[in-house]
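Okay, structure first, notes after.
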Amino acid sequence: AALATGGVPVTFNKLQFSLITPQIGPERFLLRFGKSNGKRLYSYWLTFLQIYFEAEKILASLSDQEKQWLLHNYDAFFFGKQDGEKERGNDYAFFTTESAMPMKFFELASRVDLVALADCARNLSLIVDDVYQHAADLKPPFSPLSLKQTFTWEEQGKKFIISGLDHVEHTENADFFIDLGGSNTFHNNAGGTKGTSACALHIDLLGNNHYVGDNFVQGSGFLGIGVLASFSGNNVYQANSYSQGCGFIGTGIL
């Protein structure tokens with residue numbers, strides 16, 4: 001509904017996409033989370049990977065050099081200067097003077113299939129929906145997910161972190177992070193792509209968290225899809241810019 005309201009047509013039929021259901025999960029998942037939850041969590045991970053690589057393929061219409069240029073010169077979209085030609089400060093002269101910079105950004109963005117990327121964003125949200133529906137099974141202490149240690153899984157160059165800890169600081173970035181605890185402080189990407197990942201997903205069940213970051217964090221889709229979903233709220237969010245649900249040649253959801 002949010003995508004349609006924003007004028008982004010959604011072409012993918014929701015019934016045509018479903019979560020991947022593996023026959024059996026890896027032993028580490030089953031031992032840590034139990035058979036049912038272990039299989040479900042690994043299902044989320046496999047689905048995330050599928051969406052990630054689809055989004056990566058869509059974004060491949062831009063070269064690595066072009067992506068690096070965007071990452072280093074994002075302020076030029078508004079302020080007309082690049083590579084530190086002039087400090088941003090209070091310079092709003094771009095409102096009244098001619099600048100070719102905005103058109104350069106639009107030219108790059110026009111080569112990305114933003115409709116297909118929006119479909120990936122909605123499919124990523126289906127993972128969030130399913131976690132929400134099974135939240136009662138996942139919340140400690142109702143299941144073996146009362147984790148004493150953070151669970152980290154790496155596969156195909158991507159990182160999945162699941163934590164049930166309370167009152168701790170998380171500094172490690174993750175492509176996909178599920179926080180089963182509460183009252184935590186996050187100094188990581190928290191569902192932001194950082195301008196270097198095609199997808200990032202952060203799901204929090206209990207809330208009461210403090211999120212602290214710089215740019216392209218906390219549900220930021222800068223050159224990709226970033227989602228931060230909190231089911232309980234009562235959080236504090238602090239970031240610099242292009243964060244907290246910001247989309248820039250991509251989709252951001254907080």
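- Taking the ring centroids of Phe186 and Phe177, they lie under the 6.0 Å cut-off.
- At least one side-chain heavy atom of Asp137 sits less than 4.5 Å from a side-chain heavy atom of Arg40.
- In this structure, Asn173 and Lys159 have side chains that are not in contact, with every pair of non-hydrogen atoms separated by 4.5 Å or more.
- Side-chain contact, Asn215 with Ser241: a donor N or O sits under 3.5 Å from an acceptor N or O.
- Minimum heavy-atom separation, Thr193 to Ala200: N-CB, 4.0 Å.
- A distance-only check finds no donor-acceptor pair linking the side chain of Asn188 to the backbone of Ala174 [under 3.5 Å].
- Annotation: the span from His167 atom NE2 to Asn209 atom CG amounts to 10.0 Å, rounded to 0.5 Å.
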| Passes side-chain hydrogen bond (donor to acceptor under 3.5 Å, both in side chains), His202 versus Gln218? Steps please. | CA-CA 8 Å; His202 180 104; Gln218 301 166 14; over 6 Å; no
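- A salt bridge is defined here as a Lys NZ or Arg NE, NH1 or NH2 lying under 4.0 Å from an Asp or Glu carboxylate O, and Lys57 with Asp113 fails to meet this definition.
- Looking at Val217 and Lys194, their side chains come closer than 4.5 Å, going by heavy atoms from C-beta outward.
- Few gaps surround CD1 on Ile20; more than 12 heavy atoms of other groups in view lie less than 6.0 Å from it.
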| task | Report the C-alpha distance between Ile127 and Ile51 in whole Å, list the side-chain angles of each, state the deciding distance to 0.1 Å, and finish with yes or no for side-chain contact (heavy atoms from CB on, under 4.5 Å). | result | CA-CA 10 Å; Ile127 299 176; Ile51 299 168; 4.2 Å; yes
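- Here the side chains of Tyr52 and Gln156 are not in contact, with every heavy-atom distance at 4.5 Å or above.
- Taken together through direct or relayed side-chain contacts under 4.5 Å among Ile, Leu, Val, Met, Phe, Trp and Tyr, Val227 and Tyr237 form parts of separate hydrophobic clusters.
- Between the side chain of Ser232 and the main chain of Leu205, a donor-acceptor pair closer than 3.5 Å is present.
- Taking the six-membered ring where tryptophan is involved, the planes of Tyr74 and Phe222 are perpendicular, since the angle between them exceeds 60° and thus also 30°.
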| request: Would you sort out whether Trp153 and Phe29 count as a ring-ring contact (aromatic ring centres under 6.0 Å, His included), showing the intermediate values? | output: CA-CA 9 Å; Trp153 178 264; Phe29 277 82; 5.1 Å; yes
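- Note that CD of Glu172 is 11.0 Å distant from OG of Ser163, once rounded to the nearest 0.5 Å.
- With hydrogens and angles ignored, the 3.5 Å screen pairs no side-chain donor or acceptor of Asn240 with any backbone N or O of Gly213.
- Proximity of Ile253 to Val128: side-chain heavy atoms (C-beta onward) are nowhere separated by under 4.5 Å.
- Checking Asp130 against Tyr44 by side-chain atom types alone, a donor-acceptor pair falls below 3.5 Å.
- Separation of the Phe48 and Phe160 ring centroids does not fall under the 6.0 Å cut-off.
- Linking ILVMFWY side-chain heavy atoms closer than 4.5 Å, directly or via other members, places Phe176 and Leu117 in a single hydrophobic cluster.
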| request: Using the side-chain contact (heavy atoms from CB on, under 4.5 Å) rule, take Thr196 and Leu71 through it: C-alpha gap first, then chi angles, then the decisive distance, then the call. | output: CA-CA 8 Å; Thr196 57; Leu71 188 58; 4.1 Å; yes
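- Without hydrogens or angle criteria, Ser220 side chain to Tyr242 main chain gives a donor-acceptor distance under 3.5 Å.
- The hydrophobic clustering, which links ILVMFWY residues whose side-chain heavy atoms are closer than 4.5 Å, places Val131 and Leu201 together.
- Contact of the Leu70 side chain with the Leu62 side chain is registered, since non-hydrogen atoms from C-beta on lie closer than 4.5 Å.
- Between Ile203 and Phe231, the closest side-chain pair of non-hydrogen atoms falls below 4.5 Å.
- Here the side chains of Leu59 and Val112 are in contact, with some heavy-atom distance below 4.5 Å.
- At a cut-off of 3.5 Å, with distance as the only test, a side-chain donor of Asp204 or Ser230 sits close to an acceptor on the other residue.
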| query | Where do Asp166 and Asn208 land on the side-chain contact (heavy atoms from CB on, under 4.5 Å) test, with the steps shown first? | reply | CA-CA 10 Å; Asp166 300 313; Asn208 296 295; over 6 Å; no
